[in-house]
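Numbers restart at 1 for each chain; the letters A, B, ... are given by sequence-line order, proteins then strands. Keep in mind that what you see is a predicted model, and the values were worked out from it rather than measured.
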Amino acid sequence: MSSRNSTPFHLLTGLDSALKTAAGAAGLDLALFNPEVRAAEARHGDFQANGVLAYAKQAKANPRDLATKLVAQLPDFVRETCEVTIAGPGFINFTLKPAALLGWMQAYSTPALLAAGAAAARPGEVWIVDYSSPNTAKQMHVGHLRSAVIGEALARIMAFSGAKIIRDNHIGDWGTQFGKLIWAYKRQLDAAALARDPIEEFERLYKAGNAAAEADPAILKEAQQELVKLQSGDAEDLAIWRQIIDASLTAFQQIYDRLGIHFDETLGESFYNDKVPLVYRELADTGLAAESQGALVVFHESHPRFKTQPFIIRKSDGAANYASSDLATILYRADHFRARGIIYVVDSRQRDHFEQLFLTAAEWFRRTRRTLPALHHVDFGTVLGENNKPLKTRDGENIKLKDLLGEAEERAYALVSAKSPDFPEAERRSIAAIVGVGSVQYADLAQNRSSDYLFAWDKMISLEGNTAAYLLYAVSRIHSIFRKEGLQPGDPEAEAGAGAPETPAEIALARKILKFADAVRLANDSLRPHFLCLYLYELAGEFSAFYSADKVLVDDHAIRARRLLLCARTVLMLETGLHLLGLRTLTRM
RNA sequence: GCACCCGUAGCUCAAUUGGAUAGAGCGUCUGACUACGGAUCAGAAGGUUGGGAGUUCGACUCUCUCCGGGUGCACCA
């Protein structure tokens with residue numbers, strides 16, 4: 001009896017090494033041959049190897065002859081598990097045999113086994129995921145949505161792929177806004193309003209302080225004095241500041257709870273306060289930074305634009321800014337967390353900043369003989385309204401995240417109540433929360449993050465097409481089948497005696513189930529969750545086709561067992577995948 | 001002005017990063033058995049991938065150029 005994981009999680013990697021072996025046996029130059037195995041379109045098979053084409057060109061050989069020689073040398077296990085054909089100019093196609101499909105599905109039958117299989121991608125790598133990162137004393141609004149949702153999904157996908165993830169909320173808790181805020185706090189605080197909703201009161205106070213400072217230069221001076229007092233450790237100002245931070249974090253957490261987010265660290269800008277002088281010193285000492293117009297700046301001579309566009313690391317008034325703070329943060333993450341890499345989930349308007357930051361950090365670390373972590377700016381586009389402009393309320397205000405999530409839940413509640421009026425009120429509410437918030441998350445994740453994204457309630461919760469509700473509906477139908485039999489998905493009793501898939505719909509579904517491994521790998525490698533969304537949508541579609549073509553609960557024991565196994569694996573992949581995206585799932589809706 | 005991103009079916013989006021006949025959903029049209037949940041399924045129509053040139057066995061993808069849209073560019077983060 002072989003161990004369970006003798007079946008590789010990624011069948012693709014097994015083919016890759018088999019092809020290399022065959023290439024050696026067929027006399028190819030291994031230094032020049034890359035098999036280029038990838039998932040294929042279903043009509044061509046499960047996997048395809050394209051490497052023969054490039055090799056044939058270099059070797060001036062006939063690609064089809066070469067492919068034939070290569071296929072003849074393939075190890076036995078490949079022929080036992082796959083149909084192998086040569087097509088077109090020299091593609092080698094692999095179609096898994098039904099017995100191999102069954103073998104994989106039997107080997108990967110639980111979330112833990114899937115996780116163990118996937119974890120080989122980033123074994124033990126420490127990665128910092130820097131996401132959400134709102135400013136304190138303000139409501140989270142729609143502009144904060146994408147970073148939170150995409151960042152959480154990536155953190156989960158990378159952790160599932162074996163990484164040790166540190167989720168870090170790099171909040172904006174230190175800046176010039178605190179002078180005006182504290183000034184107004186001391187003079188115009190409404191204690192009742194503070195008790196009712198502290199963030200709204202802070203926002204009101206900030207606006208009041210800002211308006212007063214603009215109207216009267218003397219007040220501006222006083223506000224600046226408050227900032228100086230705060231930064232020099234004045235006890236009263238520090239206590240007010242602390243209160244603002246605490247209230248802000250409490251408010252943020254209410255949003256995070258609804259989105260399924262928790263952070264391992266919340267190291268905001270204030271945390272790096274005492275760590276920026278070292279940055280100034282080292283960058284100046286190594287000749288990387290220089291004074292210009294009173295500020296300390298870095299130019300990059302070899303860069304077409306940044307040789308003249310400065311990276312300002314200390315303002316002319318001597319204060320730090322987010323460039324210096326971000327540099328100090330990189331050093332801390334490298335030293336303290338031993339991070340192999342950092343991903344910044346920040347919108348694409350900050351591309352220049354990150355390009356300059358990364359260039360500067362690379363040069364700084366090189367000159368100080370440190371090892372630089374991998375740095376990735378995971379950028380994303382703007383959330384647009386129906387008018388193709390950034391999404392706002394009718395009054396031109398930012399839409400508060402709590403209102404947006406509330407509306408999503410209300411819309412989902414109306415829908416659930418229409419479709420399932422017999423469900424108890426409390427259950428309809430909890431379904432509405434899962435479907436409503438999940439729809440918002442999924443709509444964001446399902447699209448390639450690089451582009452702007454059009455926020456449309458009707459499409460999001462329409463429940464048709466590539467939406468959370470369609471996937472959740474597939475999940476609940478599968479649970480419904482098992483519920484009817486008094487079973488749980490994955491129950492060994494239900495699957496006992498299951499044979500290999502036979503009907504076209506069974507085979508198509510099984511082949512799609514096996515693609516889970518590729519979808520996770522692709523999303524993980526590219527840091528793009530939409531590849532996983534696309535997979536889940538295709539899987540749900542394949543299930544729906546199977547469900548209408550082949551009845552599951554038939555009398556014939558063998559047929560029933562193998563179809564229940566297919567249902568169990570489908571729901572396993574759907575639930576695991578949805579959880580990786582940060583969504584919650586349900587068993588009926 | 002300089003730089004970066006984007007332009008794919010009427011609409012909203014894909015295309016595994018250079019692979020095979022560019023795919024989905026919505027909308028439109030045609031069908032589905034008294035069946036495990038019809039929030040479903042099967043099918044049809046719809047394209048010179050903004051225009052042009054180039055690179056190669058092969059281009060939505062790379063290069064150049066033009067057109068159109070967006071964003072950033074000295075001290076807010």
Side-chain angles (χ1 to χ4, degrees), chain A residues 36 38-41 43-44 48 50 53-54 56-57 63 87-91 93 133 135 170 172 174-177 269 292-297 303-306 308-317 319 321-323 325-326 346-353 355 379 381-382 384 388 415-416 418-420 435 443 446-448 450-454 456 458-459 462-467 469-470 472-474 476-485 515 518-519 521-523 525-526 528 530-531 533-535 537-538 541 544-554 563 567 588-589:
Chain A
E36 291 184 40
R38 65 189 62 188
E41 279 184 57
R43 67 173 184 273
H44 295 129
Q48 59 177 282
N50 301 342
L53 290 166
K57 190 187 164 193
F91 299 110
N93 291 335
S133 309
N135 284 329
H170 193 76
W174 199 252
T176 48
Q177 74 270 26
E269 285 161 4
S292 171
Q293 299 179 24
L296 190 62
V297 308
H303 192 280
R305 195 153 28 100
F306 301 143
T308 53
Q309 182 179 322
F311 190 54
I312 299 170
I313 62 168
R314 189 179 62 208
K315 300 193 290 181
S316 53
D317 66 3
N321 64 358
Y322 78 142
S325 162
D326 280 358
V346 180
D347 78 85
S348 46
R349 287 175 306 183
Q350 295 197 36
R351 191 177 304 232
D352 276 6
H353 167 72
E355 203 179 332
D379 63 334
T382 310
L384 302 177
N388 269 325
L415 209 54
V416 175
K419 298 286 183 186
S420 305
V435 174
Q447 187 164 131
N448 190 331
S450 303
S451 38
D452 288 348
Y453 133 66
L454 200 71
D458 290 340
K459 291 207 170 71
S462 80
L463 314 181
E464 285 175 327
N466 189 4
T467 63
Y470 179 80
L472 291 170
Y473 179 61
S476 42
R477 274 161 127 196
I478 296 170
H479 278 286
S480 176
I481 295 169
F482 285 94
R483 195 157 48 229
K484 197 172 169 94
E485 294 299 293
K515 288 295 194 319
D518 296 301
R521 188 180 54 92
L522 189 56
D525 289 352
S526 62
R528 292 184 187 276
H530 80 283
F531 286 117
C533 295
L534 182 66
Y535 165 77
Y537 176 57
E538 289 175 351
S544 292
F546 157 79
Y547 180 85
S548 62
D550 293 337
K551 186 166 165 62
V552 176
L553 298 177
V554 294
R563 290 183 182 166
C567 289
R588 66 173 197 164
M589 63 189 276

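Residue A:Asn321 is classed as a sugar-phosphate contact, given heavy-atom separations below 4.0 Å to backbone atoms only. Using a 4.0 Å heavy-atom criterion, one finds that A:Ala87 contacts the bases of the nucleic acid, with or without backbone contacts as well. Contact annotation for A:Ser476: base contact, defined as any heavy-atom pair under 4.0 Å involving a base atom. Residue contacts shown for A:Leu454 are limited to sugar-phosphate atoms, with no base heavy atom under 4.0 Å away. If you check every strand for non-hydrogen atoms under 4.0 Å, A:Thr308 touches nothing. When heavy atoms are screened at a 4.0 angstrom cut-off, A:Val554 is found touching no nucleic acid atom at all. Residue-level contact check: A:Ser544 touches the backbone only, with heavy atoms under 4.0 Å from sugar-phosphate atoms and none from bases. Looking at heavy-atom distances under 4.0 Å, A:Ser526 makes contact with a base. Within 4.0 Å of A:Asn448, counting heavy atoms only, lie sugar-phosphate atoms of the nucleic acid but no base atom. Within the nucleic acid shown, A:Arg528 comes within 4.0 Å of at least one base atom, counting heavy atoms only. Note on A:Arg588: a base of the nucleic acid sits closer than 4.0 angstrom, heavy atoms only. Residue contacts shown for A:Asp347 are absent, as no nucleic acid heavy atom lies under 4.0 Å away. Nucleic acid contact class of A:Leu534 (heavy atoms, under 4.0 Å, all strands): sugar-phosphate only. In this structure, A:Gln350 reaches the bases: a heavy-atom distance under 4.0 Å links it to at least one base atom across the strands shown.
When the nucleotides B:A74, B:C4, B:U40 are ranked by their closest atom to the side chain of A:Arg477, B:U40 comes out on top. Minimum atom distance to the side chain of A:Tyr473 is reached by B:U40, of the listed B:C13, B:C73, B:U40. For A:Met589, the side-chain atoms get nearest to B:G37 when compared with the rest of B:G19, B:C76, B:G37. Nearest to the side chain of A:Lys459, among B:U16, B:A74, B:C11, sits B:C11. Listed nucleotides: B:A3, B:G37, B:A42. Nearest to the side chain of A:Ala545: B:A42. Picking from B:C11, B:G19, B:U40 the nucleotide with the shortest atom distance to the side chain of A:Gln48 gives B:G19.
Distance NZ (A:Lys57) to P (B:C57): 4 Å, rounded to an integer number of Å. Nucleotide B:G38 holds its C1' atom 11 Å from the CD atom of A:Glu464, rounded to whole Å. Atom C1' of nucleotide B:A15 and atom NE2 of A:His530 are separated by 8 Å, given to the nearest angstrom. Remark: P of B:G18 and CZ of A:Phe91 are 15 Å apart, rounded to the nearest angstrom. Between the CD atom of A:Glu41 and the P atom of B:U21 there is a distance of 10 Å, rounded to whole Å. B:A39 atom C1' lies 17 Å from atom NE2 of A:His479, rounded to whole Å. The separation between A:Arg305 atom CZ and B:C2 atom P is 13 Å, rounded to whole Å. A straight line from CG of A:Asp317 to P of B:A74 spans 17 Å, rounded to a whole angstrom.
Projected onto RNA chain B by closest heavy-atom contact, A:Trp174 and A:His44 fall at different nucleotides, the more 5' of which corresponds to A:His44. For the pair A:Ile312 and A:Tyr547, nearest-nucleotide mapping onto RNA chain B gives the more 5' position to A:Tyr547.
B:A53 and B:G72 have their C1' atoms separated by 30 Å, with the value rounded to a whole Å. B:U61 and B:G19 have their C1' atoms separated by 11 Å, with the value rounded to a whole Å. With both ends at atom C1', the span from B:G10 to B:U16 equals 29 Å, rounded to whole Å. Atom name P, nucleotides B:U65 and B:C2: the rounded distance is 12 Å, in whole Å. Nucleotides B:G46 and B:A59, compared at atom P, are 24 Å apart to the nearest Å. B:A20 sits 14 Å from B:A15 when the P atoms are compared, rounded to a whole Å. Taking atom C1' in both B:U28 and B:C62, one finds a spacing of 38 Å when rounded to whole Å. Annotation: B:C11 and B:U21 have their C1' atoms spaced 25 Å apart (nearest Å).
Partner assigned to B:C73 is B:G1, using Watson-Crick or G-U wobble distances below 3.5 angstrom. Base pairing of B:A24: its partner is B:U12, meeting the Watson-Crick or G-U wobble criterion (both donor-acceptor distances under 3.5 Å). Across the strands present, B:A53 finds its partner in B:U63; the criterion is a Watson-Crick or G-U wobble pair with both atom distances under 3.5 angstrom. With a cut-off of 3.5 Å on both pairing distances, the Watson-Crick or G-U wobble partner of B:U40 is B:A32.
In terms of heavy atoms, A:Ile312 sits closest to A:Ala295 at CG2-CB, 4.2 Å. Of all the heavy atoms in A:Asn466 and A:Cys533, the pair that sits closest is OD1-O, 4.2 Å. Among all heavy-atom pairs drawn from A:Cys567 and A:Phe546, the shortest one is SG-CE2, 4.1 Å. Taking each heavy atom of A:Arg351 and A:Asp379 in turn, the nearest pair found is NH2-OD2, 2.6 Å. Among all heavy-atom pairs drawn from A:Arg588 and A:Ser476, the shortest one is CA-CB, 3.5 Å.
Looking at heavy atoms from C-beta onward, A:Leu454 lies out of side-chain contact with A:Lys459 at the 4.5 angstrom threshold. You'll find the side chain of A:Ile481 reaches within 4.5 Å of the side chain of A:Tyr547, heavy atoms only. Counting heavy atoms from C-beta on, the side chains of A:Glu355 and A:Phe306 come closer than 4.5 Å.
No donor-acceptor contact under 3.5 Å links the side chain of A:Ser548 to the base of B:A32. No hydrogens or angles were tested; on distance alone, a donor-acceptor pair under 3.5 Å links the side chain of A:Asn93 to the base of B:A20. Residue side chain A:Ser451 does not reach the base of B:C6 through any donor-acceptor N/O pair under 3.5 Å, judged by distance alone.
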Decide yes or no on side-chain contact (heavy atoms from CB on, under 4.5 Å) for A:Tyr473 and A:Ser544, but give the supporting numbers first. CA-CA 10 Å; A:Tyr473 179 61; A:Ser544 292; over 6 Å; no
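Between A:Phe311 and A:His353, the ring-plane angle classifies as tilted under the 30° and 60° cut-offs.
For A:Arg38, a side-chain nitrogen or oxygen approaches OP1 or OP2 of B:U17 to under 4.0 Å.
With a glycosidic angle no further than 90° from 0, B:U17 counts as syn.
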